[in-house]
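Notes follow once the structure below has been shown.
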Amino acid sequence: MKITGIKDYESKIKKVLITEDEIKAALKKAGEFINSLYDGRPILLVSVLKGSFVFMADLARQVAVPCEIGFMCVKSYFEGTSSSGNVEIVMDLDQDVSNYHVVVAEDIIDTGRTLRKLVDMFKSKHPLSLHVITLLDKPDRRVVEIKADMSLFVIPDEFVIGYGLDCAEFYRTLPYIAVYGEG
Ligand code: PRP
């Protein structure tokens, strides 16, 4: 995909699926969920880059319990439009997770392969506890069994962009979630 300019860029944003206000309301609920789950205990909130950078930044500001943040960068290799299951940790956390109650913030669960690998990897390092919060869940695409502890939005099988999610690295900066389409 090649973006030639602003007109071309905007023409591929087909429709807004989730508005900024809807995201804000859902973030508040997610913050309340984390606060009640940990009841004052400190947590490590982990952003899975790149897709979750916006979600994580907004979610972190809804969290009232003491909160450290951590970043890891994961790359899944694609076969067509699906991740292949080859998940590479491009950048690992700098914290030792065995000392933490870990909350993983993901942007989307699609086939589930990325999160399955991540959860297995975290569990092998024995965190004090582990929970996963995902912004988006696309259950129709699941090929690997995995469920988040909280999904902010369950969405249909459409190619979505914005609020951290990309198409060929563009559109991550849209403040809402939209359906992408060419033509
Ligand atoms: C996306 C997304 C999830 C993963 C979900 O990451 O951020 O981590 O795919 O797909 P799955 O459930 O089919 O495994 P991607 O590898 O595109 O990298 P990005 O976060 O840098 O956009």
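Positions are given from 1, in the same order as the sequence printed here. Every number for a ligand or one of its atoms is a count from 1 in the order of the listing. Note that the structure is predicted; figures quoted are calculated from it, not measured.
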Taking the inter-plane angle between the rings of Tyr171 and Tyr9 on a 0 to 90° scale, is it parallel (under 30°), tilted (30 to 60°) or perpendicular (over 60°)?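 Ring orientation of Tyr171 relative to Tyr9: parallel.
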
Look at [X] together with [Y] and state whether they make a salt bridge at an N to O cut-off of under 4.0 Å.
X      : Y      : value
Asp107 : Lys50  : no
Asp92  : Lys125 : yes
Arg172 : Glu169 : yes

Looking only at distances, please establish whether an N/O atom of ligand 1 is found under 3.5 Å from an N/O atom of [X].
X      : value
Gly51  : yes
Gly112 : yes
Arg172 : yes

Which of the atoms of ligand 1 are close to [X], meaning less than 4.0 Å from one of its heavy atoms?
X      : answer
Glu106 : 3 (C), 7 (O), 8 (O)
Thr111 : 11 (P), 12 (O), 13 (O), 14 (O)
Asp107 : 2 (C), 3 (C), 7 (O)
Ile108 : 2 (C), 3 (C), 5 (C)

Would the distance check show the side chain of Arg41 and the main-chain N or O of Leu37 forming a donor-acceptor pair, the cut-off being under 3.5 Å?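 Yes.
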
Give me the atom names and distance for the closest heavy-atom approach of Ile109 to Gly112.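 For Ile109 and Gly112, the tightest heavy-atom pair comes out as CG2-CA, 3.7 Å.
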
One residue to check: Asp166. Relative to ligand 1, which of side chain, backbone, both or neither has a non-hydrogen atom less than 4.0 Å away?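 Just the side chain.
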
